[in-house]
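Single-structure report; data block below.
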Amino acid sequence: MVLVPTVVVIGAGFGGLEVARHLRGTPVDITLIDQNNFHTFQPLLYQVATAGLNAADVAHAVRGLFHKQSNVRFRHGRVTGVDWDARMVAVADQPDVPFDHLVLAGGATVTYFGIPGAEEHGFPLYTLEDATRLRNHVVRRFEAADTDPAELDRGGLTFVVVGGGPTGVETAGALAELFAMVFRKDYPGLEVSRARVVLVEMQDHLLHPFTASSRRHALHALRSRGVDVRLGAKVASVGADAVTFADGEVLPCQTLVWAAGVQASSLAATIGLTQDRGGRVVVGPDLRIPGRPDAWAIGDIAAARDRKGELLPQLAPVAMQAGRHVARQIGRLLEARPTEPFRYRDKGTMATIGRRAAVAELPGRIRLSGAPAWLAWLGLHLVFLVGKRNRASVLLSWAWNYLTWDRGPRLILDRSPRSTGT
Ligand SMILES: Cc1cc2nc3c(=O)[nH]c(=O)nc-3n(C[C@H](O)[C@H](O)[C@H](O)COP(=O)(O)OP(=O)(O)OC[C@H]3O[C@@H](n4cnc5c(N)ncnc54)[C@H](O)[C@@H]3O)c2cc1C
């Protein structure tokens with residue numbers, strides 16, 4: 001039996017999957033470890049939270065992705081540390097996993113910037129569980145208000161979304177459409193028009209990475225859907241039944257969606273590597289971890305920089321391109337060739353606001369808005385969604401939702417009287 005080097009990849013997200021896939025045909029044994037037995041397509045989580053898609057549409061069992069790749073094994077478990085001298089990865093309640101090459105692709109998680117009550121009462125949108133919990137809670141608020149309309153005065157139908165980046169804009173737009181198009185019919189006895197969606201952004205504009213015209217388009221599209229967009233506003237504290245703003249205003253509200261902060265996964269700290277301010281692992285130009293010639297960090301967990309020294313954004317294409325780069329570099333090292341620096345190719349940014357409304361900024365200064373941007377957004381997300389069955393299911397749901405002005409799974413899947421953010 002010929003022994004080949006072992007590559008351990010921690011995280012089966014956008015970056016980790018690309019490493020494993022692009023080592024197909026390379027003489028290595030790959031162990032892909034993830035705390036979930038599935039990959040999550042985070043860009044569509046907000047559609048699960050707003051009853052546009054089923055949870056299973058945006059996730060895919062990792063094992064099912066590698067039926068045709070014999071050099072990949074999957075380990076379902078949570079990584080708790082790395083013994084660099086013994087070259088072993090520690091996995092909770094399981095035997096250690098040996099490695100010759102190690103790739104950290106543990107992604108990012110939410111941060112609440114220390115705002116009192118935000119973690120306790122806010123609803124983050126980072127995992128499939130987060131999305132399902134938020135949907136349960138939103139539908140439950142409408143059921144409660146239908147039973148007791150006084151809930152409206154207690155902020156039962158006031159939904160505050162914090163963060164004017166793509167996730168906040170998409171969630172606010174989708175909630176407004178859900179209420180206006182679907183809940184209006186689901187709850188004929190309720191004054192659904194009194195439901196409020198408030199989008200709060202600290203800066204004086206939405207969609208920070210976009211140009212001024214795209215920002216204006218998004219602002220106008222949200223306001224025309226009835227979203228109360230508050231720019232230059234800051235949340236000071238969050239309670240179970242109210243949110244307090246920095247200017248002293250207290251808004252009765254039972255749902256606060258936290259779409260404001262991202263920090264690298266706690267894996268980076270667990271492993272004890274040098275981190276930047278956002279907790280990201282410092283990497284060299286080829287994405288290797290300084291002082292660890294056989295270890296790499298990619299995607300949201302890595303502080304990778306472009307040629308000008310600017311930090312690369314925490315976006316799926318960055319993680320995917322980095323994954324492909326690291327797979328190539330491992331191949332080069334096996335052939336005793338030097339590594340190459342990572343060069344990110346920016347292929348543009350998009351955000352959708354709702355039905356026939358989106359903004360897209362593509363290479364060559366191509367700027368799209370409205371229906372063309374929306375179609376581009378739909379097409380691109382379908383292409384990148386993992387799994388043919390998921391693509392077919394999402395396409396069908398989108399077509400159904402578009403043609404019938406309806407939504408799918410408005411289900412409450414927990415029995416607790418009140419879902420909380422944590
Ligand atoms: C709501 C939302 C919307 C987004 N929308 C967009 C968008 O429209 N466009 C875009 O480009 N980007 C978007 N992003 C960002 C994009 O999803 C991330 O940049 C991308 O997922 C990063 O890929 P990654 O491989 O670094 O991490 P991830 O895809 O997050 O994968 C990390 C994996 O590591 C696993 N993991 C973490 N810690 C451990 C551990 N200790 N042990 C075992 N496994 C572990 C996790 O379970 C996870 O599966 C969005 C993100 C969110 C949250």
Side-chain angles (χ1 to χ4, degrees), residues 8-20 31-50 58-60 62 74-82 89-92 94 97 103-110 123-131 134 161 163 165-171 174 207 209 257-271 280-281 287 296-304 312-324 326 344 346-352 358-360 377 380-381 384-386:
V8 171
V9 181
I10 307 174
F14 284 97
L17 285 186
E18 287 298 286
V19 179
T31 302
L32 184 54
I33 309 176
D34 202 293
Q35 60 200 353
N36 298 317
N37 77 331
F38 54 85
H39 163 83
T40 306
F41 191 82
Q42 289 175 329
L44 291 179
L45 282 179
Y46 84 93
Q47 296 212 359
V48 175
T50 54
V58 306
H60 198 293
V62 179
F74 177 64
R75 179 78 83 85
H76 179 213
R78 189 170 54 83
V79 170
T80 53
V82 173
V89 173
V91 184
Q94 293 185 27
V97 184
V103 185
L104 302 184
T109 184
V110 61
F123 286 81
L125 197 46
Y126 234 91
T127 64
L128 210 50
E129 293 93 322
D130 292 340
L134 177 57
V161 180
T167 301
V169 164
E170 290 173 352
T171 307
L207 295 179
V257 183
W258 190 261
V262 168
Q263 68 179 2
S265 141
S266 60
L267 179 67
T270 309
I271 291 178
R280 299 206 236 176
V281 176
L287 303 184
W296 318 74
I298 58 170
D300 284 4
I301 202 172
L312 291 176
Q314 287 165 299
L315 290 174
V318 177
M320 293 169 80
Q321 289 182 32
R324 295 195 282 272
V326 166
Y344 171 58
D346 185 354
K347 294 187 181 156
T349 336
M350 296 180 175
T352 184
V359 288
W377 184 93
L380 200 85
H381 282 70
F384 283 109
L385 185 63
V386 173

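Atoms within each ligand, like the ligands themselves, are counted from 1 in listed order.
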* So do Thr167 and Leu125 actually touch side chain to side chain, heavy atoms under 4.5 Å? -> yes
* Going by heavy atoms, is Ala105 under 4.0 Å from ligand 1? -> yes
* Determine, considering heavy atoms only, which of Val110, Leu380, Thr127, Leu125 sits nearest to atom 1 (C) of ligand 1. => Leu125
* Is it true that a side-chain atom of Gln263 and a backbone atom of Thr109 form a donor plus acceptor pair closer than 3.5 Å? -> no
* **Note, Tyr46 side chain near Pro166 side chain (heavy atom, < 4.5 Å)** => no
* Asked: Under a 4.5 Å cut-off applied to non-hydrogen side-chain atoms, are Leu44 and Phe384 in contact?
  -> no
* Residue-ligand contact Tyr46/ligand 1, heavy atom below 4.0 Å -> no
* Structure fact -> One finds that the ligand 1 atoms under 4.0 Å from a non-hydrogen atom of Gly11 are 33 (C), 34 (O), 35 (C)
* Considering only heavy atoms of Pro317, which atoms of ligand 1 have at least one such atom less than 4.0 Å away? -> 11 (O)
* Does the side chain of Lys347 come within less than 4.5 Å of Pro317's, by heavy atoms? -> no
* Asked: Are any non-hydrogen side-chain atoms of Thr40 and Thr127 less than 4.5 angstrom apart?
  -> no
* To do: Working to the nearest 0.5 Å, report the span between CD1 of Ile271 and CG of Leu267.
  => 4.0 Å
* Structure fact -> shortest atom 23 (O) of ligand 1-to-protein heavy-atom contact is with Ala319 CB, 3.4 Å
* What protein heavy atom sits nearest atom 28 (P) of ligand 1, and how far away is it? -> Gly13 CA, 3.9 Å
* Asked: Can you tell me if Gln42 uses its side chain to pair, donor with acceptor, with the backbone of Tyr126 under 3.5 Å?
  -> yes
* Structure fact -> Closest to atom 13 (C) of ligand 1 (heavy atoms only, candidates Gly168, Pro43, Gly107, Ala297) is Pro43
* Structure fact -> Which of His76, Arg78, Arg75 passes side-chain hydrogen bond (donor to acceptor under 3.5 Å, both in side chains) with Gln94? It is Arg75
* Between CG of Leu134 and OG1 of Thr171, what distance do you get to the nearest 0.5 Å? -> 7.5 Å
* To do: Among all protein heavy atoms, pick the one closest to atom 52 (C) of ligand 1 and tell me residue, atom and distance.
  => Gln42 CB, 3.7 Å
* Structure fact -> If we number the atoms of ligand 1 from 1 as shown, the ones under 4.0 Å from a heavy atom of Leu315 are 10 (C), 11 (O), 12 (N), 19 (O)
* To do: Report, in ascending order of atom number, the atoms of ligand 1 lying under 4.0 Å from any heavy atom of Asp300.
  => 18 (C), 19 (O), 20 (C), 22 (C), 26 (O)
* Asked: Does Gln314 approach ligand 1 within less than 4.0 angstrom via side chain, backbone, both or neither, non-hydrogen atoms only?
  -> backbone
* Structure fact -> When distances are taken from atom 20 (C) of ligand 1, the protein heavy atom at minimum range is Phe14 CD1, 3.5 Å
* Asked: Heavy-atom contacts under 4.0 Å between Ala316 and ligand 1: side chain, backbone, both, or neither?
  -> both
* Specify the closest pair of heavy atoms between Val262 and Gln314, including all atoms of both residues, with the distance to one decimal. => CG1-OE1, 3.6 Å
* Check each atom of ligand 1 against the heavy atoms of Leu267 and keep those under 4.0 Å away; list them by number with element. => 41 (N)
* To do: Work out whether the distance between some heavy atom of Gly77 and some atom of ligand 1 is less than 4.0 Å.
  => yes
* Among all protein heavy atoms, pick the one closest to atom 36 (N) of ligand 1 and tell me residue, atom and distance. => Gln35 NE2, 3.5 Å
* Asked: Looking at Thr167, which atoms of ligand 1 are within less than 4.0 Å of one of its heavy atoms?
  -> 1 (C), 2 (C), 3 (C)
* If you measure from atom 49 (O) of ligand 1 to every heavy atom of Val19, Thr171, Thr352, Asp34, which option wins on shortest distance? -> Asp34
* **Enumerated ligand 1 atoms positioned under 4.0 Å from heavy atoms of Ser265** => 38 (N)
* Looking only at non-hydrogen atoms, which of Leu17, Val62, Val79 approaches atom 41 (N) of ligand 1 most closely? -> Val79
* Asked: Is the closest side-chain heavy-atom distance between Asn37 and Phe74 below 4.5 Å?
  -> yes
* Just which atoms of ligand 1 are under 4.0 Å from any heavy atom in Gly15? -> 25 (O)
* Please list, chain by chain and in numerical order, all residues satisfying ring-ring contact (aromatic ring centres under 6.0 Å, His included) with His60, sequence neighbours excluded. => none
* To the nearest 0.5 angstrom, please state how far the CD atom of Gln321 sits from the CG atom of Leu312. => 9.0 Å
* atom 37 (C) of ligand 1: the protein heavy-atom neighbour that sits closest, reported with distance to 0.1 Å -> Gly106 O, 3.1 Å
